[in-house]
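Below, each value reflects all heavy atoms present in this structure, side chains not excepted, and no hydrogens, waters or symmetry copies. All ligand and atom numbering here is 1-based and tracks the order in the structure. The model shown is predicted, which means the values in this text are computed figures rather than measured ones.
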Amino acid sequence: MTGGAPRVDGARLRADLTALARLGADPSGGGITRTGFSAADGQARDWYAARARAAGLDLTRDGLGNTFAFDPGADQRRPGVWSGSHLDTVPRGGAFDGAVGAVAALEALRRVKELGLAPARPLRALVFSDEEGNYGSLLGSTGLARGWSRAELDAMTGRDGDRLADALAAWPHAEGDPAATRLEPGALHAFVELHIEQGPFLEAAGTQAGVVTAIAGIGGGRMRFTGRTDHAGTTPMSERADALAAAGEFIARVPEAARAAGPRAVATCGFVHATPGAANVVAGSAEVSLDFRDLSLARIQVLEREIGALALAVSDSRGVAVTWEPHEVVAPAPMDDGVQAAVAAAAGRAGLSSMAMPSGAGHDSQNMARLAPAGMVFIPSVGGRSHSSAELTAWPDIENGANVLLAAMLALAET
Ligand code: HGY
Ligand code: MN
Ligand code: MN
């Protein structure tokens with residue numbers, strides 16, 4: 001870091017991320033599982049709160065468990081500069097997705113307090129709930145950006161089929177009504193998030209930091225095929241209404257829909273639940289998860305139409321019924337020019353190479369962009385891997401990213 005700018009404590013950052021990575025870790029090396037509102041997610045929230053309080057910071061939480069850390073000695077009257085990310089993971093995920101941004105934001109506030117800095121605007125560090133969508137993609141930040149109705153929350157179920165309402169009722173890390181978490185525009189001055197790239201582009205370019213220009217939009221939902229349960233041994237192939245076979249053909253053809261929508265459109269079926277789920281029973285129903293994305297809302301709408309048309313074609317040809325409840329699309333989000341400039345300038349002052357780039361991954365920043373100017377700092381992912389136990393980012397890159405985040409937050413606090 002050049003020019004005497006405040007720096008993070010790299011050793012503490014590394015120690016924190018190493019300690020956090022133990023929470024939810026599979027001892028046999030199968031990655032980290034801290035799914036939203038799970039016991040391991042709760043352990044991570046306890047750990048985060050203890051680290052924040054140890055640094056003399058206070059915390060508040062909303063009804064969805066979104067957590068806000070701040071310095072009680074700082075003047076909170078002006079809208080502040082906020083940063084943060086998530087502590088929940090995908091099942092068997094990595095140690096850096098979300099964690100880097102959540103801990104680096106905490107580190108930024110710790111350093112400002114330790115150095116006795118007095119930025120013109122207060123800083124705040126956030127942990128968003130269920131970013132990975134155990135119950136609802138970007139659940140916590142969507143609650144901040146547009147709120148959830150009680151009916152929406154009551155209808156949500158998790159990957160394991162359990163009700164979000166039950167998980168929230170048992171969740172000790174929340175305060176208040178989950179249906180009353182919405183922030184008003186103006187609640188904050190700017191938002192900036194540090195995150196691993198989760199793709200191959202920074203590493204391939206040999207570049208140290210990414211200045212995110214836009215975040216892809218995400219559509220999703222569950223496609224339900226309904227056929228007829230039958231005996232696997234006595235039912236002639238010509239008389240079957242096999243829901244799992246229909247789901248299988250649909251899943252195999254979903255890439256056609258992505259190709260039809262555009263060169264960077266993506267579509268994924270991450271899991272299928274078939275019932276009754278016995279080897280000697282023709283499946284009567286099969287539910288397929290859907291996740292589809294693009295940087296353009298128009299192309300996401302093409303994706304949605306193509307996927308729906310494909311499902312109907314398969315159901316017709318296989319004599320099964322099909323229903324789909326598409327999730328509300330989380331729109332693509334352009335990042336704010338001013339925040340991008342602050343990130344690029346901070347990287348430059350730090351002597352780091354940087355490049356502008358879009359994000360194919362979804363992030364809480366795309367919801368925070370609905371409330372205030374928002375931007376992101378990316379750091380390289382080794383081999384472009386993420387959402388996997390192979391996820392890895394080098395410690396110097398994490399420290400560089402955290403220094404850029406700190407500098408960008410301080411610069412934005414003077415605007
Ligand atoms: O799925 C995503 O893009 C993010 O990791 N939740
Ligand atoms: Mn993720
Ligand atoms: Mn993430």
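- Crowding of Arg92 atom CZ: a count of heavy atoms from other residues, nucleotides or ligands under 6.0 Å not exceeding 12.
- Atoms NE2 of His387 and OE2 of Glu132, as seen from the Mn ion (ligand 2), are separated by an angle of 110°, to the nearest 10°.
- Under a 4.0 Å criterion applied to the non-hydrogen atoms of Ala361, ligand 1 contributes the atoms 3 (O).
- Distances below 4.0 Å separate heavy atoms of Glu132 from the following atoms of ligand 1: 4 (C), 5 (O), 6 (N).
- Screening Val211, Val343, Val192 against Val404 for a side chain to side chain contact (heavy atoms under 4.5 Å, CB included) leaves a single residue, Val343.
- Counting atoms of ligand 1 from 1 in the listed order, those under 4.0 Å from a heavy atom of His387 are 1 (O), 5 (O).
- Residue His86: no N/O/S atom is found under 2.8 Å from the Mn ion (ligand 2).
- Residues Arg45 and Val127 have side chains in contact (heavy-atom distance under 4.5 Å, counting atoms from C-beta outward).
- The Mn ion (ligand 2) has an N, O or S atom of Asp97 closer than 2.8 Å.
- Using a 4.5 Å heavy-atom cutoff, the side chains of Leu13 and Val103 are in contact.
- Residues His387 and Glu132 meet the side-chain proximity criterion, which asks for heavy atoms closer than 4.5 Å.
- Below 3.5 Å of separation, one finds an N or O of Gly362 facing an N or O of ligand 1.
- Residue His195 counts as close to the Mn ion (ligand 3), with an N, O or S atom under 2.8 Å.
- Each of the atoms 1 (O), 2 (C), 3 (O) of ligand 1 lies under 4.0 Å from some heavy atom of Arg293.
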TODO: Evaluate side-chain hydrogen bond (donor to acceptor under 3.5 Å, both in side chains) for Ser381 paired with Ser386, printing each intermediate quantity in order.
DONE: CA-CA 7 Å; Ser381 289; Ser386 182; 5.7 Å; no
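- The aromatic rings of Tyr135 and Phe37 sit tilted relative to each other, their planes meeting at an angle between 30° and 60°.
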